[in-house]
Number of protein chains: 2
Amino acid sequence: MVTTRKLREVPSDHYNVFAKECPARMVLDRIGDKWALLILDHLKSGKTRFNELKRSVGGISQKVLSGVLKTLERDGLIYREVYPTVPVTVEYSLTPLGETLTEAISAVTHWAELHMKEILSAREAYDLKV
Amino acid sequence: MVTTRKLREVPSDHYNVFAKECPARMVLDRIGDKWALLILDHLKSGKTRFNELKRSVGGISQKVLSGVLKTLERDGLIYREVYPTVPVTVEYSLTPLGETLTEAISAVTHWAELHMKEILSAREAYDLKV
DNA sequence: AGAGATTAGTTTCTTTTTGAAACTATCTTT
DNA sequence: AAAGATAGTTTCAAAAAGAAACTAATCTCT
């Protein structure tokens, strides 16, 4: 026997984000990323175009935005609709599946805004000690 | 005028995770990270030691685990307690502030486990098309 | 007594990812 | 004619992550 450790509840089919090889972990690898969180959270406010997202999500590069949107689309979390206007228009929006995720995500981003002060003062205290 | 875009509600003091320079964003930079999410989520089950965390959070390297724990401690989200046993014992646990975050985080990790199948089939569908 | 394992990390080196900037292509505006 | 907008891709340098070895003190096994 190696160590005694508490096991956590795992839903239905033995999926477990803590297991490196579990597909659920691959899912978390995608959504557990600040850019994905911000993009999904922003899409809650409705269809958004590429450059609009780039302006809204401050500091993201086009390359990363493009990449994250691609994987979110592949994972069925967002739609990508192309309109043959000139220049071309591309609209991104949440799929029903993506919508089921945004509540959880908003809770996290909202938490960040809400508890910022506590974190900043914790940092100050820590930096004084060390 | 640049573009018309919907503004989202911002809590109390004009903090906004979408703004690159906002301190709330720095907070999200920390917690919007798969390793931080997994570590915090795991700590819900109680005090945990370094190597126990390493075993539980599959695939994390010691270097990264050590680094993430350090920043989580600095941000006041976890405690680090050292006991002068031999060999030394170090226990990590959630602070009250950290506990306020774990509910939001569990929602995300739990979502990953719950909706894995939908995501996997979305991927298959996408890969067939492209 | 020496080998091996344990603790919680750090160090070094390689590989991967990220970020910044420039570039594409087509059309409209100045 | 040059500039600006669209939605990206490409290229290159910098930063981060991952793998593996190393630390130091002590206990256990042979």
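A, B, ... follow the sequence lines: proteins, then strands. Residue 1 opens every chain.
A:Lys70 places its NZ atom 14 Å from the P atom of C:dT18, with the value rounded to the nearest Å. Atoms CG (B:Asp29) and C1' (C:dG19) sit 13 Å apart, rounded to a whole Å. In this structure, A:Leu65 atom CG and D:dT6 atom P are separated by 13 Å, rounded to whole Å. Distance, A:Glu52 CD to D:dA5 P: 14 Å, rounded to whole Å. C:dT18 atom C1' lies 14 Å from atom NZ of B:Lys20, rounded to whole Å. Rounded to whole Å, atom C1' of D:dA7 lies 14 Å from atom CD1 of A:Ile60. Summarising the geometry, the separation between CG on B:Leu72 and P on C:dG9 is reported as 13 Å, rounded to the nearest angstrom. When rounded to the nearest whole Å, the span between CD of B:Gln62 and C1' of D:dC22 equals 11 Å.
Considering only side-chain N and O atoms, B:Trp35 lies under 4.0 angstrom from the phosphate OP1 or OP2 of D:dG18. The side chain of B:Arg49 places no N or O atom within less than 4.0 Å of a non-bridging phosphate oxygen (OP1 or OP2) of C:dT7.
Among the nucleotides D:dC27, D:dA7, C:dC27, the one closest to the side chain of A:Val86 is C:dC27. Here the nucleotide nearest the side chain of A:Val64, chosen from C:dG19, C:dA8, D:dA17, is C:dG19. Distance from the side chain of A:Lys34 is smallest for C:dG19 among the nucleotides C:dT7, C:dG19, D:dA7. For B:Arg80, whose side chain is taken as the heavy atoms from C-beta onward, the closest listed nucleotide among C:dA20, D:dG18, C:dG9 is C:dG9. Comparing atom distances between the A:Arg55 side chain and each of C:dT7, C:dA22, D:dT6 picks out D:dT6 as nearest. Among the nucleotides D:dA7, C:dT10, C:dG19, the one closest to the side chain of A:Phe50 is D:dA7. In this structure, the nucleotide among C:dG19, C:dT7, C:dT10 sitting nearest to the side chain of B:Ser66 is C:dT10. Closest to the B:Pro87 side chain, of the nucleotides D:dT6, C:dT6, C:dA8, is C:dT6.
The backbone N or O of A:Leu77 sits less than 3.5 Å from a side-chain atom of A:Thr95, completing a donor-acceptor pair. With hydrogens and angles ignored, the 3.5 Å screen pairs no side-chain donor or acceptor of B:Arg123 with any backbone N or O of A:Thr71. Between the side chain of A:Thr89 and the main chain of A:Thr85, no donor-acceptor pair closer than 3.5 Å is present. With B:Glu113 contributing its side chain and A:Val17 its backbone, the two residues share a donor-acceptor pair below 3.5 Å.
Around CD of A:Glu99, the count of heavy atoms belonging to other residues, nucleotides or ligands within 6.0 Å exceeds 12.
One cannot find a donor-acceptor pair under 3.5 Å joining the base of D:dA19 and the side-chain atoms of B:Lys63.
Residue A:Tyr92 is in sugar-phosphate contact alone, with no base atom involved, counting any heavy-atom pair closer than 4.0 Å across all strands shown.
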